[in-house]
Amino acid sequence: MALLRRSSHLIRPLTSPTLTASNLTSYLRHSFSSLDDTPITVETSMPFTSHNCEPPSRSVETSAKELMTFFIDMATMRRMEIAADSLYKAKLIRGFCHLYDGQEAVAIGMEAGITKKDCIITAYRDHCIYFCRGGTLLGTFAELMGRKNGCSNGKGGSMHFYKPESGFYGGHGIVGAQVPLGVGLAFAQKYNKEDHVSFALYGDGAANQGQLFEALNMAALWDLPAIFVCENNHYGMGTAEWRAAKSPSYYKRGDYVPGLKVDGMDALAVKQACIFAKEHSLKNGPLILEMDTYRYHGHSMSDPGSTYRTRDEISGVRQERDPIERVRKLILAHDIATEKELKDIEKEKRKEVDDAIAQAKESPVPDPSELYTNVYVKGYGVEACGADRKGVKAVLP
Amino acid sequence: MAMTKIGRSSGTSRFFNICRWTTSLANTTTTTTRDETKILHTTTTSTSSKGGGGTTKSMNLFTAINQALHIALDSHPRTYVFGEDVGFGGVFRCTTGLADRFGKQRVFNTPLCEQGIVGFGIGLAAMGNRAIAEIQFADYIYPAFDQIVNEAAKFRYRSGNQFNCGGLTIRAPYGAVGHGGHYHSQSPEAFFCHVPGIKVVIPRSPREAKGLLLSCIRDPNPVVFFEPKWLYRLAVEEVPEDDYMLPLSQAEVIREGSDITLVGWGAQLAVMEQACADAQKDGISCELIDLKTLIPWDKETVEASVKKTGRLLISHEAPVTGGFAAEISASLVERCFLRLEAPIARVCGLDTPFPLVFEPFYMPTKNKILDAIKATVNY
């Protein structure tokens, strides 16, 4: 099952027509041990800490192909977020923009451990989760810029990316509100009896919301296959976790719900944890995963990110724990590719991101009539004025 | 405290007001004279208002609110300010300097839990304290909605006046800001106007904000105070530096006219003022009223004005269906039916969620108001 999922994951179209799984080996021009699914066993950087359950083993099975996909995808995501930063400063992206760079390992590791039939629901830091669920760069940038070709037709913006075909339920602005939704998804999945699970992601700030505990209780009471993933980047906006929570051990806060603390900067640890969590919750009900991760940017684009933490701290994490560097070291250590090849891949991905941005810039803004679409399902019959004396009388479709 | 208003007839918007609230909890560092009957001459800008005499300083909205909070904390030892990120000054800088000056026991951050913040504030107020709770954006106030409606509004009533949470003031930035999107632009005032037992107050300018906020904090009823976030930096005005309060539940005629009455609150008044100026060029004399307190609202002032002009237009950013304009419209029809020359117009936000890129289409802009003024006058 895991093997099948890995290869299907690789066969999904990557963003560039030039770099696909099938020509990956030819792209990397050297001859070396062929990229295949031969298992490579890697130890995670730290052991898992658990609460009320047996932690999974530190040894993770991966393969050359998987490690390369991790690298390629994470490099793309990193480039995507940095490009979004520049676009925001150029005022092409407006409104709010919450960047995920530093946390890529959580998105990619989770994806590696589950299928597209499992559901993921998260808060507003959702660009990379969308991408890992099969989203395109064009869909991302067009949506960020509020254009028609965006994944939510330009009506959602940065905080509201969705992908129903891949079980990605978005993209939510109100902190913590997505967690009870995630439990609802899990309930539906249990009903369907197809052995799928739901991952409800939230942050350390949201961990203090009451609705989270309501959702935990419901999930535990009804034995739902819901996995609560706390992406603990240690700062709720500008507030450090120890200043907002009596117990910053978020994996323990479920009390009767077992929990696991995971190094969120290690994609393989995340993968292992998600595989474990899926198995566990299908049998025993909900589980909390605390991903110990870090974001390099501030909370959003209006937050420099340096008023509540030192630059030394940020650069320290970047040096010691950067997820992409970790995978790079693994790839080099196992002779899967050379440094030059990895750099070339990064350049290639940078170019792809730039192309997607150019394409997104060409994309038109949604038609003004879209203002009234999808408020309700059927016709609503409301009259409204257009801007500046253009009397547009619209019946809400 | 006596308050008299002498209105001048139309043409100009200058009028004299005599208004002075004295309070025994004055800021002792002030150097102003406590002149009881200072006559003020307001300017023609929409950011005019009454206030105390003495030294004034040019400041914007968040500074005025900050000053009001400083005064409130200084003048009453059991006043507390709390909310998300208020310690360092808040995301809009309304609470700068408070923690340093009054200590972390009185000005402190809460975790991310609106329901908890308001419930906690109600309890604190029930013990006789002045609890000033900040909700970071009005869009996030809904988890606290139950606490406000079911607890705060009904506490005095259901305990037969044995308990009350009058010391509670909830501050929240509301309204569109140009790029706020769905969850940083909402105007939820109408939801709270439907709840007897609380007051809803919305200032239009720095001078108003400082006086109204101090009144709200000292008012013995729970108050929800919405601050127009668009104006935090944009609105700059001369604001008296001393301690002064402005009356609640009193609307103000900020521009005199004879052809049509316009009613609004908060940031929308600036837009309406522009529409009035444009209408003036076409010979329509508009009377503009700032409602200030939405519940309990000053029906008399609006009624007197509509009886004079015979026409009414109400404007707000919130969606039109069920917005507060509906309440004003219904009340005025009850009171002034035979005097009305035209249907009451409402120029409000559309009945859609607050949009992202479509914000310019959604908003009740100056031209929409101008069109409605003309349509009403020419009915």
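Every chain is numbered from 1, with letters handed out A, B, ... down the list of sequences.
- Atom CZ of Phe137(B) sits about 10.5 Å away from atom CD1 of Ile174(A), to the nearest 0.5 Å.
- There is no contact between Asp204(A) and chain B, counting heavy-atom distances below 4.5 Å.
- In this structure, OG1 on Thr352(B) lies 12.5 Å from CD on Glu370(A), to the nearest 0.5 angstrom.
- Across every non-hydrogen atom of Leu371(A) and Phe358(B), the tightest pair is CD1-CB, 3.5 Å.
- When the shell of 6.0 Å around CZ of Arg243(A) is examined, it contains more than 12 heavy atoms from other residues, nucleotides or ligands.
- Only the backbone of Ala206(A) has a heavy atom closer than 4.5 Å to any heavy atom of chain B.
- Scanning residues 154-162 of chain A against chain B with a 4.5 Å non-hydrogen threshold yields Gly154(A), Lys155(A), Gly156(A), Gly157(A), Met159(A), His160(A), sorted by number.
- Expressed to the nearest 0.5 Å, how far CG of Leu112(B) lies from OH of Tyr202(A) amounts to 13.5 Å.
- Remark: Lys148(A) NZ is loosely packed, at most 12 non-hydrogen atoms of other residues, nucleotides or ligands lying under 6.0 Å away.
- Ranked by heavy-atom pairs under 4.5 Å with chain B, the list Pro368(A), Ala244(A), Gly210(A) is led by Pro368(A).
- The contact between Glu114(B) and chain A is made by backbone and side chain atoms together, counting heavy-atom distances below 4.5 Å.
- Around the OH atom of Tyr169(A), the shell of radius 6.0 Å holds no more than 12 heavy atoms that belong to other residues, nucleotides or ligands.
- Side-chain contact between Met237(A) and Val91(B) is present, with heavy atoms from C-beta onward closer than 4.5 Å.
- Rounding to the nearest 0.5 Å places NE2 of His172(A) at 7.5 Å from OH of Tyr183(B).
- Atom CZ of Arg309(A) sits in a crowded spot, with more than 12 heavy atoms from other residues, nucleotides or ligands closer than 6.0 Å.
- Neither the backbone nor the side chain of Glu359(B) comes within less than 4.5 Å of any heavy atom in chain A.
- Other residues, nucleotides and ligands contribute over 12 non-hydrogen atoms within 6.0 Å of the CZ atom of Phe155(B).
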